[in-house]
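Note that the structure is a prediction, hence the values are computed from the model and not measured. Note that ligands are numbered from 1 as they come in the structure, with each ligand's atoms numbered from 1 the same way.
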Amino acid sequence: MNLKQTIKVGIIGLSAALLAACGSTGSDDKKLTIGTDAAYAPFESLNGDKIVGFDVDVLDAVMKEADLDYKLKNTGWDPLFIALQNEEVDAGISAITINDKRKKTYDFSSPYFESINMILTKEGSPIKSAKDLEGKKVSVQNGTTGQEALEKMFGKNENIKKFDSNVLAIQALLNGEVEAVVADNGVLKEYEKNNPDKKLVTISDKENFDSEFYGIIFPKDGDHQDEINKAMKKVIDSGKYAEIYKKWFGEEPNVDALKQ
Ligand code: ARG
């Protein structure tokens with residue numbers, strides 16, 4: 001081979017390698033990355049290194065229905081929103097409440113779960129309703145609707161103790177750093193039920209906390225909301241959703257509440 005031929009072969013080889021490389025990035029592109037904060041049982045939590053929960057099962061059913069390949073990544077809560085804005089994840093599922101504030105920055109799927117904030121406190125506590133939280137130290141997960149509800153009632157103030165995860169917010173109650181936790185009812189009821197030795201009580205207050213709906217979250221104007229949304233509708237209408245709901249909550253869902 002003369003020099004010219006060698007260069008030619010070299011270029012062809014390089015082009016083939018480049019094509020192969022591009023081809024493989026292409027197929028990786030199809031695998032969506034979905035972020036979550038796996039510290040919110042029964043919606044998402046770690047079982048060893050596996051993320052499990054109601055949200056995980058709903059997501060899996062939806063992605064199968066949409067015929068989309070994905071991986072679920074435990075990003076944590078605050079980093080999930082940053083990752084969505086930087087489009088480092090294609091979507092998130094994390095018991096995320098659909099609200100107007102978030103809708104300015106993100107898109108959401110149609111609702112897949114109805115929730116409401118509630119209070120977790122120690123047995124024998126004088127706290128009986130949300131109003132009784134006034135002037136008391138209360139923990140929340142940072143940037144959640146629980147924090148928002150407290151700030152709406154009492155204004156931003158230093159009694160509202162914000163933690164990176166709900167697990168840490170509950171820990172603060174157990175340690176006696178705060179007198180109550182405010183978080184989603186599904187999560188606090190689950191914790192109370194699984195930890196009878198901790199002598200905790202949950203308090204619901206439908207006058208002071210509003211009904212909320214969870215949705216899958218997307219970067220604004222991302223690529224996949226339509227197909228995922230369609231698949232979500234099918235999962236709900238086919239009865240697959242009710243099956244998952246019963247597995248995690250032991251009762252039939254009120255599917256009509258999701259359709260308004
Ligand atoms: N539903 C509440 C919100 O959207 C709390 C969600 C917290 N989720 C979690 N995986 N830590 O603000």
**Under 3.5 Å donor-acceptor, Asp57 side chain and Phe54 backbone** =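 Absent.
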
**Request:** For the residue pair Tyr245 and Phe249, categorise the inter-ring angle as parallel (less than 30°), tilted (30 to 60°) or perpendicular (more than 60°).
**Result:** tilted

Under 4.0 Å, heavy atoms only, figure out whether ligand 1 is touched by the backbone of [X], its side chain, both or neither.
| X | answer |
| --- | --- |
| Asp37 | both |
| Gln147 | neither |
| Glu44 | side chain |
| Phe43 | neither |

**Request:** Check ligand 1 against Tyr214 and write out every atom of the ligand that is under 4.0 Å from a heavy-atom position of the residue.
**Result:**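 So the answer, numbered in order with elements, is 1 (N).
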
**Request:** Please could you name the atoms of ligand 1 that Gln141 approaches to less than 4.0 Å, counting only its heavy atoms?
**Result:** 7 (C), 9 (C), 11 (N)

**Message:** Could you see if Ile236 belongs to whatever hydrophobic cluster contains Ile93? Use Ile, Leu, Val, Met, Phe, Trp, Tyr and a side-chain cutoff under 4.5 Å.
**Reply:** yes

**Connected via hydrophobic side-chain network under 4.5 Å: Phe209 and Val140** = yes

**Request:** Compute the centroid of each ring, for Phe43 and then for Tyr214, and state whether the two points are separated by less than 6.0 Å.
**Result:**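 Judged by ring-centre distance (under 6.0 Å), Phe43 and Tyr214 do meet the cut-off.
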
**Asked** Between Tyr112 and Tyr241, is the gap from one ring center to the other below 6.0 Å?
**Response** no

**Item:** Nearest neighbour in protein (non-hydrogen) for atom 6 (C) of ligand 1
**Value:**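 Answer for atom 6 (C) of ligand 1: Ala95 O, 3.2 Å.
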
**Item:** Taking atom 8 (N) of ligand 1 as the reference point, the nearest protein heavy atom with its distance
**Value:** Ser94 O, 2.8 Å

**Asked** Can an N or O of Thr145 be found at a distance shorter than 3.5 Å from an N or O of ligand 1?
**Response** yes

**Asked** Is the shortest N/O to N/O distance between Arg102 and ligand 1 below 3.5 Å?
**Response** yes

**Sub-4.0 Å heavy-atom approach of Asn166 to ligand 1** =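 Asn166: no contact with ligand 1 (<4.0 Å).
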
**Residue from Glu192, Lys193, Glu190, Lys189 passing side chain to side chain donor-acceptor pair (under 3.5 Å) with Thr202** = Glu192

**Request:** For the pair Lys259 and Asp237, find out whether any cationic side-chain nitrogen is under 4.0 Å from an anionic carboxylate oxygen.
**Result:** yes

